[in-house]
> 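Quick one: the structure is below, and I'll ask about it shortly.
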Amino acid sequence: MNTGLKITAFAAALAAAFGAAYGIGEGLDPVVVAEREPAHDERHAPSSPQAEEGDGHSGHDSTPAGGLQISEAGYTLDLRTPRVTAGERTDLRFTVRDEDGRALTEYRREHDKELHLIVASRDLLTYRHLHPTRAADGTWSIPVDLPRAGGYRVFADFTPAGKGAENLTLGADLAASGAYRPGELPPPRGTARVDGYEVELTGDLRPGRASELGLRVTRDGKPVTDLQPYLGAYGHLVALRAGDLAYLHVHPNGEPGDGRTEPGPEVSFTATAPSGGSYRLFLDFKHDGVVRTAEFTVRAGADARTPASGTPEHTDGHGH
């Protein structure tokens with residue numbers, strides 16, 4: 001089965017350097033670029049992302065990336081907790097402010113939530129999809145416990161209430177203090193294991209061109225045909241570009257109860273990479289009442305290859 005995906009791409013600013021020690025909190029959602037819908041792709045990101053050096057695709061910047069700006073369209077992400085301590089549970093607090101500095105208190109619900117918060121380490125080895133709580137004064141908060149010190153990026157994905165309001169993704173840097181040891185990006189593999197499940201990824205991610213990505217979920221060698229809805233869909237895919245953590249959020253066109261979307265074992269996405277380079281993909285799926293995350297490394301560009309099967313990549317699968 002092929003479930004097409006819409007993509008919501010956004011733009012935001014990025015931090016430049018890590019200090020000796022950083023870190024951050026808990027919970028996340030998935031990524032990859034999807035079926036081209038001009039209105040949604042071109043509304044975000046005033047500047048084109050840079051192609052990864054040496055990937056041979058410096059001209060493939062037609063698809064905007066997101067998550068690289070702290071302010072956009074008159075709204076600013078005010079991260080009230082810019083630092084945490086690795087391994088310690090801390091309330092992460094932030095506010096979205098309008099151009100007059102007032103806290104935004106009215107949001108449009110999308111995929112069952114007013115706001116989706118993504119937290120990812122800059123080495124892309126820690127990923128969280130969180131759903132914080134909003135107080136009456138517009139302050140959002142959620143407890144986080146980031147496992148490792150280092151630099152992190154926080155993404156707030158939301159749509160202000162009001163006619164004609166557009167979806168935005170604003171980003172800010174978060175630091176987790178502690179002994180910092182950067183990790184290596186895992187090599188591309190065609191399968192990932194999480195909590196006894198195996199997820200197979202097929203297809204290529206191409207810069208500037210739409211392509212099909214398929215994900216098949218099995219457990220103990222048997223297809224999982226009873227995936228449960230999570231945030232209004234059978235799967236959510238998030239993609240982050242290595243190097244600058246450009247953010248792409250893809251939503252399936254199909255949804256539970258539409259008469260054509262099956263609850264597994266396959267979920268498909270149509271994706272377009274904003275440039276060549278390495279990407280980290282995070283697929284969230286729900287089964288037996290638990291949300292799990294399968295993680296993949298893929299390469300888009302001249303030397304891209306369909307992820308080779310082999311030893312599956314293992315993940316902790318609990319970012320929610």
Side-chain angles (χ1 to χ4, degrees), residues 1-9 29-37 63 111 127 129 186-241 248-256 258-274 276-287 291-301 304-315 317:
M1 130 186 143
N2 285 333
T3 304
L5 289 188
K6 290 181 182 177
I7 186 172
T8 310
D29 242 19
V31 146
V32 148
V33 199
E35 188 173 347
R36 181 154 167 70
E37 203 178 43
T63 303
H111 288 262
Y127 167 86
H129 183 171
R189 291 193 176 94
T191 56
R193 286 179 181 163
V194 50
D195 292 349
Y197 293 80
E198 188 164 292
V199 181
E200 180 182 3
L201 170 66
T202 58
D204 295 320
L205 188 61
R206 302 174 185 175
R209 295 173 57 192
S211 61
E212 199 76 14
L213 293 175
L215 294 132
R216 179 180 174 84
V217 183
T218 61
R219 183 168 66 171
D220 299 327
K222 299 178 181 179
V224 176
T225 59
D226 56 346
L227 292 173
Q228 297 168 296
Y230 172 60
L231 301 176
Y234 289 126
H236 286 267
L237 184 64
V238 170
L240 296 175
R241 184 170 57 189
L248 300 161
H249 200 169
V250 180
H251 299 282
N253 287 327
E255 59 184 27
D258 63 6
R260 58 188 176 84
T261 303
E262 300 293 334
E266 297 167 349
V267 183
S268 70
F269 304 81
T270 300
T272 304
S278 295
Y279 291 77
R280 193 74 169 150
L281 273 56
F282 302 91
L283 172 71
D284 290 345
F285 64 95
K286 185 175 182 179
H287 190 243
V291 177
R292 297 170 174 88
T293 303
E295 304 176 5
F296 300 87
T297 299
V298 299
R299 175 94 180 159
R305 296 181 300 274
T306 299
S309 51
T311 304
E313 183 174 338
H314 290 262
T315 68

> Output yes when a side-chain donor or acceptor of T225 lies under 3.5 Å from a complementary backbone atom of G264, and no otherwise.
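Side chain of T225 to backbone of G264, a donor-acceptor pair under 3.5 Å: no, none is there.
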> Any chance you could lay out the salt bridge (charged side-chain N to carboxylate O under 4.0 Å, His left out) test for R219 and E198, step after step, and finish with the verdict?
CA-CA 6 Å; R219 183 168 66 171; E198 188 164 292; over 6 Å; no
> Kindly indicate, with the supporting measurements, whether the criterion side chain to side chain contact (heavy atoms under 4.5 Å, CB included) is fulfilled by S278 and R241.
CA-CA 6 Å; S278 295; R241 184 170 57 189; over 6 Å; no
> Work out which heavy atom in T272 is nearest to a heavy atom in R209; give both atom names and the distance.
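Looking at all heavy atoms of both residues, the shortest contact is CG2-N, 3.4 Å.
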> Under 3.5 Å, side chain of T297 to main-chain N/O of P186, donor-acceptor pair present?
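Looks like yes, one N/O pair under 3.5 Å.
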> State the CD-OG1 distance between E200 and T191, to the nearest 0.5 angstrom.
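Interatomic distance, E200 CD to T191 OG1, rounded to 0.5 Å: 7.5 Å.
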> Which pair of non-hydrogen atoms, one from Y279 and one from P274, has the smallest distance, and what is that distance?
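In this case the closest contact between Y279 and P274 is OH-CD, 3.2 Å.
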> What is the distance from atom CZ of F285 to atom CG of L227, rounded to the nearest 0.5 Å?
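Between F285 CZ and L227 CG, I get 7.5 Å after rounding to 0.5 Å.
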> If every non-hydrogen atom of S211 is compared with every non-hydrogen atom of R206, which pair is closest and at what distance?
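Nearest pair, atom of S211 first, then R206: OG-N, 3.8 Å.
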> Is there a donor-acceptor pair under 3.5 Å between the side chain of D258 and the backbone N or O of R260?
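Looks like yes, one N/O pair under 3.5 Å.
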> Would you say the side-chain atoms of Y197 and H287 include a donor-acceptor pair closer than 3.5 Å?
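Per modelled atom types, Y197 and H287 side chains form a pair under 3.5 Å.
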> Hey, what do you get for CG (L205) to CZ (F296), rounding to the nearest 0.5 Å?
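One finds 13.0 Å between CG of L205 and CZ of F296.
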> Does a donor on one side chain sit under 3.5 Å from an acceptor on the other, for T293 and D284?
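T293 vs D284: donor-acceptor pair found between side chains.
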> In sequence, state the C-alpha distance, the side-chain angles, and the governing distance for E266 and R216, and then conclude on salt bridge (charged side-chain N to carboxylate O under 4.0 Å, His left out).
CA-CA 4 Å; E266 297 167 349; R216 179 180 174 84; 3.1 Å; yes
> Look up atom NZ in K286 and atom OH in Y234, then write down how far apart they are to the nearest 0.5 Å.
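Going from the NZ atom of K286 to the OH atom of Y234 covers 12.0 Å.
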> Can you give me the closest heavy-atom contact between G276 and P207, atom names plus distance?
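Heavy atoms of G276 and P207 come nearest at N-CB, 3.6 Å.
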> Which pair of non-hydrogen atoms, one from P256 and one from G232, has the smallest distance, and what is that distance?
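Scanning both residues, the minimum pair turns out to be CD-O, 3.3 Å.
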> Rounded to the nearest 0.5 Å, how far apart are CG of L237 and CG of L213?
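If we round to the nearest 0.5 Å, L237:CG and L213:CG are 7.0 Å apart.
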> Give, for atom CG of L281 and atom CG of L215, the distance between the pair rounded to the nearest 0.5 Å.
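L281 CG to L215 CG: 7.5 Å, rounded to 0.5 Å.
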